[in-house]
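Notes follow the structure.
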Amino acid sequence: MLKEYQTVTNIYGPLMLVEKIDDAKYGHIVDIELSDGSVRHGQILQVENDKVLVQVFEGTTGIDVDKSTVRFLGKPLTLDVSPDILGRVFSGLGEPKDDGPEIIPEKSLDINGAPINPSARDYPNEFIQTGISTIDGLNPLVRGQKLPIFSGAGLPHDDMTAQLARQATVRGKGEQFAVVFAAMGITFEAAQFFINDLTETGAIERAVMFINLANDPAIERIATPRFALTAAEYLAFEQDMHVLVILNDMTNYCEALREISAARKEVPGRRGYPGYLYTDLATVYERAGRIKGKKGSITMVPVLTMPEDDKTHPVPDLTGYITEGQIILSRSLHRKAIAPPVDALPSLSRLKDKGIGPDKTREDHADLYNQLYAAYARGKEAQELATIMGEDALSDEDKKYMTFADKFEARYVSQGYYDNRTIEQTLDLGWELLSMFENVELKRIDVDLIEKYMPRFREKVKS
Amino acid sequence: MTEKRQGKTVKVAGPVVVAEGMTGSRMYDVVRVSKHKLIGEIVELHGDLASIQVYEETEGIGPGEPVADTEAPLSVELGPGLIESIYDGIQRPLNALYEKEGAFMSRGISIPGLDRTKKWQFKPVIENGTEVKPGDIIGEVQESSLVVHKIMVPAEVSGKVDGLREGEFTVEDTIGIVKGKDGETKLQLMHKWPVRNPRKVIKRLAPNRILVTGQRVIDTFFPIAKGGTACVPGPFGTGKTVVQHQLAKWVDADIVVYVGCGERGNEMTDVLTEFPELKDPRSGEPLMKRSVLIANTSNMPVAAREASVYTGITIAEYFRDMGYTVALMADSTSRWAEAMREISTRLEEMPAEEGYPAYLGARIASFYERAGRVQCCGSPEREGALSIIGAVSPPGGDLSDSVVQATLHVVKVFWSLMAKLAQQRHFPAIDWLTSYSFYKEYLKECFEDKEQGIQMDEMIKQAMGLLEQESNLLEIVRLVGSEALSPKDRLALETSRSIREDFLHQNAFHKVDTFTTLEKQYEMLKMILHFHKVALEAIDAGADTADIFKLPVREEIARAKYIPQEEMIKISEIRNTIEKQIGEVSRLVGTNVSR
Ligand SMILES: Nc1ncnc2c1ncn2[C@@H]1O[C@H](COP(=O)(O)OP(=O)(O)OP(=O)(O)O)[C@@H](O)[C@H]1O
Ligand SMILES: [Mg+2]
């Protein structure tokens, strides 16, 4: 029988102090039974002698000091796993939320996991085709990478993540894949959109969802991505699956952390976020990767909304310091109805070079993205100049690059959410767009490659 | 480790644990916490209470658990077997841990830093009967194809050597003894050293030689000295890690210690897979044969991250003491500072700026103080040098950040990475206008040919002058348009662009471009400035800038960086082509005039 205590002495914010406890352990969980019989869940943040500080996942509203009963469960937060978790929907605290059958656990895993030994990692280098040109062509994603989407309020990151979940594949391989989706504080509508989308394509059978909605308890969100990653690790490293993990929205997660930190009266860091935000985020993001000798992998796409579209805000800033690049969505492209509105210039996949080339995508891939990037950058500059000084002030050359930038946005960037382009289609489209330039202007592409590929597109454009 | 004094935990708050009954324990003693025997270090003492930073995850620990004092400070093992190793922040061998425990790190495991079973061929270099003192080299072990490991008499040991013999030994075997005033001391291939104490030297010397990195913007404009200190601050994605990796690959040091402090796991994997493949340009041997790696990634325990830079620097000092040139890279010192801050918060210390402890500046300063060119202890008389290059990751790229500021107080080289340059894909994104180096004057002495050195010095001044002029001219262009520029101004702009694109820009991932010898740097800069000089003369003679700028030789100038070292003669040939082609333009001007 677990010991019960009725010794709650203080409640403040999401925290609760319980006294006269003799066997509490740091990080373990508790059940709190309220006077009306309902049960909440908490986790021990600090133990000092017989005093225990507990964070309450469902919030402390309605908890009283006198009549609440606290039970110490003597274990950390765990997730029961078995292959049957596929196709299921869980709450943000890892409890089944659909009306599926009970899951008979194969084992029970600590949701904090353990760090991957750096010596055990295998380098991510397998190209994932997402069907989205701005990713595949310019910022290729590889298996085991963590590549976040930096979005903003009202931008269509939900459509984009659904597209990723639907389309991402490693070509020519009939391997097992799975999608793990963690929702943290997103709207019912957004979550439902994602679920429906997966249902329509049948992908739902290979998906595991952990859903904490905007109106669900905020503190719960601290645990949600950890549940999701525990499921992902199990599927990847014990069931040999290639897992795509989508964490949406990490900004809400960070706000929950901030709330706990403020209640603990910790010295706040920038914008009130705790000084350990970097470390905390790293314990989430670094769970992506590949491991030597294991067939599966975890590829992670965290989504975050940048408050005021500010990239230097602590959440995107610290995320960028941990992840292997970032895909940035642009409000101005969105206004121009370009979908997905990926801002190609500040976006970057740091592992791109490892996943492309002759045996992986095509020999012209690297030169091509360098050239497209350079030409687009030049065109964007011209666009800006034109808005300041008027189009007449542009030289003929600038005008040409500006035309290129417009075409590039309209055709390469904008493709809609249901166009699934092969890498060849994406690369060929790049050539086609570049065919408006003379060969000598394409300084970033090897002359031999120009000779090999370009004639076809010049023909095509002529006819 | 013998475990003597025993206390009991009373408080657990994340990485910090408080124990009672610890009277007699000393600051920085290593302790083992709970039945899991988690490794920790005492960081505060109040009466019989000790605050302990624990190097492993403390989940599941509560009050009342045993705490055993090992009565020794946090130390590293120094001896053969360091080279080619990869350790965590407290010198646990990650490869051995992986073999023993699997892919995920578990708790409470201690595997010694040096392999106890491996045998090394030891060869004495002194005769038995010799009087020795600390630091004296008594023998050698060929540790890797690149490193001869010098075995030195440990600190506080002196007397007459006896029983020293050649043979195969493990690091713990007795290789000889020293008979001193207070009795005999056994000599082994290894010894221990407390990481927070700098190793002793006879005296410090001014760093006056350049550590050649093969990175053009660094060597030519902002060089670092052997024994010097440098920092690389920049926002995320601007190239700090690539700079650190490039240096780890190409510096002309005997030993490289790379500390991945609170950064990505995949970056360490990158090093682990690349270094055994890459060849040292000087010896042709794999780079791994001179490297030691410390990896305490961002998701590994934060207290061990705090310790990782000390573990790294102590190992680096040890090789310096052998008389070697050592370079240590720490990526990123900000994560180290943040680890200090996390511990400090849990200790409920009074914070200074941005929540960092008040001693932040002092810790950073004493870390960089461990760099230097020195006269090593012991005989034979020898010099060693230890350079430190620290990456700094300021929030939002803001250089007023406490860690950046504290670092700039002590380091002598500042490579400032700019988000704007990185976004333009100008790499290395080192800003040529705000970066600096206090070691510039020593570059000229690196050239075998004295005359070349002097010329290089002058060319650097001229190139820097042009870049400064460029930023002023661009300001004018922004205000009044490019029509206002004289032909000479236009040339200045064009040459500056050439300096930026054809010289400063360097692709770390290109087979040839990744590394450039000083001689090639000299030739490249000379070629670019030669174009400037000849073009200037042509303009004086009335040539049109547009005609000069579109000469085909400019393409050759741009491609010179891809010319391999062995074919360097081709770069000097480009100088002739420049004269021929610009001469052609001038000649046409001449005919026009006469017509
Ligand atoms: N010298 C270079 N040559 C070519 N590409 C480079 C170079 N330096 C940086 N890059 C590019 O910039 C990317 C980011 O560089 P890097 O990982 O070094 O950034 P960082 O400053 O260490 O970022 P963080 O603070 O997030 O760790 C690299 O993945 C690479 O694509
Ligand atoms: Mg980095």
Side-chain angles (χ1 to χ4, degrees), chain A residues 23-28 45-50 76 110 112-124 144-145 237 266-270 275-276 278-279 282-283 285-287 289 291-294 312-314 317-318 320-322 324-326 345-346 348 350-351 353 370 373-374 377, chain B residues 10-14 18 57-64 86 88 94-95 97-98 101-107 235-237 260 262 264-266 268-270 272-273 295 297-302 305 332 335 338-339 341-342 345 351 354-356 393 395-398 423-425 481 509 558:
Chain A
D23 199 23
K25 309 281 190 209
Y26 171 74
H28 280 182
L45 288 184
Q46 180 173 317
V47 208
E48 182 163 12
N49 295 312
D50 65 346
D110 183 341
N112 284 322
I116 302 177
N117 182 327
S119 285
R121 282 187 188 265
D122 217 351
Y123 206 76
Q145 184 174 9
F237 304 129
E266 289 167 341
V267 190
R270 285 170 75 227
Y276 48 80
Y278 173 85
T279 303
T283 59
Y285 296 147
E286 279 285 320
R287 288 172 82 170
I291 291 179
K292 286 182 197 158
K294 306 258 183 198
T312 67
H313 181 279
D317 188 47
L318 294 178
Y321 269 126
I322 303 165
E324 286 134 352
Q326 65 283 331
L345 297 181
L348 171 70
R350 298 202 199 177
L351 306 184
D353 298 304
N370 279 327
Y373 187 93
Chain B
V10 292
K11 176 178 175 182
V12 184
V18 180
E57 176 55 49
T58 54
E59 186 183 271
I61 308 294
I86 174 163
D88 79 349
L94 288 170
N95 279 330
L97 278 181
Y98 172 40
E101 296 289 324
F104 292 90
M105 305 277 290
S106 41
R107 299 193 293 180
F236 69 78
R264 301 169 181 83
N266 281 334
M268 294 315 296
T269 313
D270 197 16
L272 281 175
T273 43
T297 55
S298 54
N299 55 336
M300 285 159 74
V302 67
R305 187 204 298 171
S332 160
R335 307 306 168 213
E338 283 164 10
R341 174 167 71 185
E342 272 176 56
T345 308
E354 294 167 40
Y356 284 108
S393 319
D398 178 0
Q423 195 180 315
Q424 291 165 354
R425 304 288 199 259
F509 307 112

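Naming: A, B, ... by sequence-line order, numbering from 1 per chain.
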query = Has the side chain of B:E57 got a donor or acceptor atom that lies under 3.5 Å from a matching backbone atom of B:E59?
reply = yes
ask   = What pair of heavy atoms forms the shortest contact from B:E338 to B:Y356, and how long is it?
value = CG-OH, 3.7 Å
message = Heavy-atom cut-off 4.5 Å, strictly under: side chain, backbone, both or neither for B:Q423 against chain A?
response = both
ask   = Which bit of B:I86 is near chain A, if near means a heavy-atom gap under 4.5 Å: side chain, backbone, both or neither?
value = side chain
key: Worked verdict on B:T345 versus A:E266 for side-chain hydrogen bond (donor to acceptor under 3.5 Å, both in side chains)   = CA-CA 7 Å; B:T345 308; A:E266 289 167 341; over 6 Å; no
inquiry  = At a 4.5 Å cut-off on heavy atoms, which part of B:P351 comes close to chain A: side chain, backbone, both, or neither?
reply    = side chain
task = For each of A:A377, A:P346, A:G269, tally heavy-atom pairs with chain B at distances under 4.5 Å, and name the one with the top tally.
result = A:P346
task = Compute both the distance and the angle, then confirm whether A:R121 meets the cation-pi test with B:Y98: under 6.0 Å from the six-membered ring centre, within 45 degrees of the axis.
result = no
query = Who among A:P124, A:P118, A:G113 has the most heavy-atom pairs with chain B under 4.5 Å?
reply = A:P118
A:N117 CG to B:N95 CG distance, which is reported to the nearest 0.5 Å = 7.5 Å
inquiry  = Can you confirm whether the side chains of A:E286 and B:T297 place a donor and an acceptor under 3.5 Å from each other?
reply    = no
message = So which residue, A:F237, A:Y373, A:Y276, ends up with the most heavy-atom pairs under 4.5 Å with chain B?
response = A:Y373
request  = Heavy-atom pairs under 4.5 Å with chain A are the metric here; pick the option from B:R107, B:E354, B:E101, B:E342 that has the most.
outcome  = B:E342
message = Heavy-atom cut-off 4.5 Å, strictly under: side chain, backbone, both or neither for A:Y285 against chain B?
response = neither
task = Give, as side chain, backbone, both or neither, the part of B:R335 having an atom under 4.5 angstrom from any heavy atom of chain A.
result = side chain
key: Residue selection (most heavy-atom pairs with chain A, distance under 4.5 Å) from B:D270, B:D398, B:L97   = B:D270
query = Would you say the side-chain atoms of B:T269 pair up with the backbone N or O of A:D122, donor to acceptor, closer than 3.5 Å?
reply = no
ask   = Tell me, side chain or backbone of B:S393 under 4.5 Å from chain A's heavy atoms, or both, or neither?
value = both
key: Interface moiety of A:D50 toward chain B, non-hydrogen atoms closer than 4.5 Å   = neither
key: Heavy-atom pair count under 4.5 Å with chain B, highest-scoring of A:A282, A:G144, A:S119   = A:S119
Heavy-atom closest contact (A:T283 atom, B:N299 atom, distance) = CA-CB, 4.1 Å
task = Quick one: closest heavy-atom pair of A:K25 and B:G60, and the distance?
result = CD-O, 3.1 Å
ask   = A:I291 and B:A103: which non-hydrogen atoms are nearest, and at how many Å?
value = CG2-CB, 3.6 Å
inquiry  = Please classify the contact between A:L345 and chain B as side chain, backbone, both or neither, with a heavy-atom cut-off of under 4.5 Å.
reply    = both
request  = With a 4.5 angstrom heavy-atom cut-off, could you sort out which part of A:Y278 is near chain B: side chain, backbone, both or neither?
outcome  = side chain
inquiry  = At a 4.5 Å cut-off on heavy atoms, which part of A:D23 comes close to chain B: side chain, backbone, both, or neither?
reply    = neither
message = Can you tell me which of B:D88, B:N266, B:T273 forms the most heavy-atom pairs within a distance under 4.5 Å of chain A?
response = B:N266
message = Given heavy-atom pairs under 4.5 angstrom as the criterion, report whether the side chain, backbone, both or neither of B:L272 touches chain A.
response = side chain
inquiry  = Looking at B:R305 and B:M300, would you say the former's side chain and the latter's main chain have a donor-acceptor pair under 3.5 Å?
reply    = no
query = Should A:D317 and B:P395 count as side-chain neighbours, where that means a heavy-atom distance under 4.5 Å?
reply = yes
Heavy-atom proximity to chain A below 4.5 Å, by part of B:R264 = both
inquiry  = Heavy-atom cut-off 4.5 Å, strictly under: side chain, backbone, both or neither for A:Q145 against chain B?
reply    = neither
